[in-house]
Amino acid sequence: MEWETVTFDCYGTLVDWETGIAGAFREAAAASGVDLAAGEVLEAYHRVEPQVQTLSYRPYKEVLEETAVRVAEQLGWQLRRAQAGFLAESLPGWPVFSDTRQGLERLGSRFDLAILSNIDDDLLNATIERIGVEFAWTVTAEQTRSYKPALRHFQEAVRRVGGRKERLLHAAQSQFHDIRPACELGLAAAWVNRQAEALDGDLQPRRVLANLNELADWLGV
């Protein structure tokens, strides 16, 4: 293996964004006297956010705001747009998976670490501070003005390592946002299958792993 850099998706792979999102929705709705079930919130969110991201590029804070309004409407919560900033405000506090820091520290002993994320720079920087591990570089939606699964994040990552795809291994949880486009571009991909999902039959990641410590074990660090 010639990989020199391991790139990661952040939210869903390093950070438990589902717990963060569901908690933020439930807290904001409760303040308005509305009781939302976490499962219903996440089901609607996973359906709505990709639709919002396929529209013309807008900063991720605006994606979160628009998504919050649409999800609330589907769940019967009359959320005013002026109140919809609660998701972006909550994001820096979203919990980090328990294996994230240890796994990253192990991997960082041999590889450069980087992040490819559908987010704004300032929000990602706040999350990196919470994670407590240094990354060599990041590629964000703010930088590429696009959202994965579009290829610009991955193309920019290849450019950052001198145009040599063989230098990169991309590790991520989402098949839709990360594993599929990485494979389409010819990048090596490790699927961090945190939710014990079935692998899409036509995808061929180099490895399927449950968490970052398993990734570190596989890479021998």
Side-chain angles (χ1 to χ4, degrees), residues 7-32 34 36-95 115-128 138-157 170 172-182 184-185 192 194-195 197 200:
T7 58
F8 295 90
D9 169 59
C10 187
Y11 303 94
T13 304
L14 307 180
V15 172
D16 184 357
W17 74 318
E18 289 193 337
T19 295
I21 288 168
F25 263 95
R26 297 193 71 202
E27 181 178 348
S32 299
V34 177
L36 297 180
E40 292 179 349
V41 169
L42 293 174
E43 182 180 356
Y45 192 92
H46 284 301
R47 183 171 58 250
V48 170
E49 189 193 53
Q51 298 172 355
V52 175
Q53 289 177 336
T54 60
L55 304 174
S56 59
Y57 172 77
R58 65 181 82 180
Y60 192 63
K61 294 181 191 70
E62 295 181 16
V63 170
L64 288 173
E65 180 179 297
E66 179 66 25
T67 300
V69 169
R70 294 189 186 195
V71 168
E73 181 180 8
Q74 291 188 13
L75 299 180
W77 172 27
Q78 299 304 309
L79 174 66
R80 292 185 293 110
R81 190 167 293 274
Q83 299 173 303
F86 71 88
L87 265 184
E89 293 170 3
S90 73
L91 188 147
W94 292 356
I115 290 179
L116 314 183
S117 183
N118 280 349
I119 200 167
D120 303 334
D121 288 340
D122 61 336
L123 291 176
L124 181 58
N125 289 337
T127 293
I128 290 174
T138 64
V139 178
T140 64
E142 181 177 350
Q143 296 167 30
T144 64
R145 302 189 66 79
S146 68
Y147 288 98
K148 297 179 293 180
L151 296 180
R152 290 184 189 174
H153 282 72
F154 305 96
Q155 291 166 335
E156 175 60 17
H170 185 59
Q173 183 272 328
S174 175
Q175 296 183 74
F176 172 75
H177 291 98
D178 288 271
I179 303 302
R180 182 171 295 283
E184 287 178 358
L185 197 60
V192 184
R194 291 194 178 276
Q195 299 180 343
E197 299 173 309
D200 289 349

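Note that the structure is a prediction, hence the values are computed from the model and not measured. Note that these values count all heavy atoms, side chains included, but never hydrogens, waters or copies made by symmetry.
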Peer 1: Under the rule for salt bridge (charged side-chain N to carboxylate O under 4.0 Å, His left out), what residues qualify as partners of Arg26, not counting sequence neighbours?
Peer 2: Asp35
Peer 1: Can you see which heavy atom on Arg58 is nearest to which on Leu55, and at what distance?
Peer 2: NH2-CD1, 3.3 Å
Peer 1: What I want to check is whether the side chains of Gln173 and Asp178 have a donor and an acceptor closer together than 3.5 Å.
Peer 2: no
Peer 1: Would you mind listing every ring pair (Phe, Tyr, Trp, His ring centres under 6.0 Å) that reaches into residues 47-74, with sequence neighbours excluded?
Peer 2: Tyr57-Tyr147
Peer 1: Locate the shortest heavy-atom distance separating Ala172 from Ile179; write the atom from each residue and the value.
Peer 2: O-CD1, 3.8 Å
Peer 1: Taking C-beta and beyond as the side chain, do Phe25 and Leu87 meet within less than 4.5 Å on heavy atoms?
Peer 2: yes
Peer 1: With sequence neighbours excluded, tell me which residues meet side chain to side chain donor-acceptor pair (under 3.5 Å) with Glu27.
Peer 2: none
Peer 1: How are the rings of Phe86 and Trp77 set relative to one another: parallel (under 30°), tilted (30 to 60°) or perpendicular (over 60°)?
Peer 2: tilted
Peer 1: In Å, rounded to the nearest 0.5 Å, how long is the span from CG of Leu116 to OG1 of Thr138?
Peer 2: 9.0 Å
Peer 1: So Gln143 and Asp121, do their side chains get closer than 4.5 Å, heavy atoms only?
Peer 2: yes
Peer 1: Taking salt bridge (charged side-chain N to carboxylate O under 4.0 Å, His left out) as the test, write out the residues that go with Arg180, two or more places apart.
Peer 2: Asp200, Asp202
Peer 1: Just to verify, what does Arg80 make a salt bridge (charged side-chain N to carboxylate O under 4.0 Å, His left out) with, not counting sequence neighbours?
Peer 2: none
Peer 1: Heavy atoms, side chains only, cut-off 4.5 Å: are Lys61 and Asp122 in contact?
Peer 2: yes
Peer 1: Among all residues two or more places apart in sequence or in another chain, which pass the ring pair (Phe, Tyr, Trp, His ring centres under 6.0 Å) test with His170?
Peer 2: Phe154
Peer 1: More than 12 heavy atoms of other residues, nucleotides or ligands under 6.0 Å from CD of Gln78: yes or no?
Peer 2: no
Peer 1: Going by the rule side chain to side chain donor-acceptor pair (under 3.5 Å), which residues pair with Thr19 if we only count those two or more places apart in sequence or in a different chain?
Peer 2: Asp16
Peer 1: For Glu184, what residues pass the salt bridge (charged side-chain N to carboxylate O under 4.0 Å, His left out) criterion, not counting sequence neighbours?
Peer 2: none
Peer 1: Under the 3.5 angstrom rule, does the side chain of His153 hit a backbone N or O of Ser117 as a donor-acceptor pair?
Peer 2: yes
Peer 1: Verify the neighbour count for atom CD of Glu197: are there more than 12 heavy atoms of other residues, nucleotides or ligands below 6.0 Å?
Peer 2: yes
Peer 1: Is it the case that Thr144 and Ser146 place a side-chain donor and acceptor less than 3.5 Å from each other?
Peer 2: yes
Peer 1: Can you list everything that forms a side chain to side chain donor-acceptor pair (under 3.5 Å) with Asp9? Sequence neighbours excluded, please.
Peer 2: Thr13, Lys148
Peer 1: What residues, two or more places apart in sequence or in another chain, satisfy side chain to side chain donor-acceptor pair (under 3.5 Å) together with Arg194?
Peer 2: Asp99
Peer 1: If you take all heavy atoms of Val15 and Pro95, which pair is closest and at what distance?
Peer 2: CG1-O, 3.3 Å
Peer 1: Go through the steps to decide whether Ile119 and Tyr11 satisfy the test side-chain contact (heavy atoms from CB on, under 4.5 Å), and finish with yes or no.
Peer 2: CA-CA 9 Å; Ile119 200 167; Tyr11 303 94; 3.2 Å; yes
Peer 1: Considering non-hydrogen atoms only, spot the tightest contact between Ala88 and Leu123 and give its length.
Peer 2: O-CD2, 4.0 Å
Peer 1: Throw together a table of side-chain donor-acceptor distances under 3.5 angstrom for residues 62-71, partners on residues two or more places apart or in other chains.
Peer 2:
unit_1	atom_1	unit_2	atom_2	d
Glu66	OE1	Arg81	NH1	3.0
Glu66	OE1	Arg81	NH2	3.0
Glu66	OE2	Arg70	NE	2.7
Glu66	OE2	Arg70	NH2	3.4
Thr67	OG1	Val63	O	2.7

Peer 1: List, one per line, each side-chain donor-acceptor pair under 3.5 Å for residues 39-48, sequence neighbours excluded.
Peer 2:
unit_1	atom_1	unit_2	atom_2	d
Tyr45	OH	Glu49	OE2	2.8
His46	NE2	Glu18	OE2	2.6
Arg47	NH2	Gln74	OE1	2.6

Peer 1: With a 4.5 Å heavy-atom cut-off, do Leu124 and Cys10 have their side chains touching?
Peer 2: yes
Peer 1: At their closest point, which heavy atom of Thr54 faces which heavy atom of Gln51, and how far apart are they?
Peer 2: OG1-O, 2.7 Å
Peer 1: Applying side-chain contact (heavy atoms from CB on, under 4.5 Å) to Thr127 and Leu91, what does each step give before you reach the verdict?
Peer 2: CA-CA 8 Å; Thr127 293; Leu91 188 147; 3.6 Å; yes
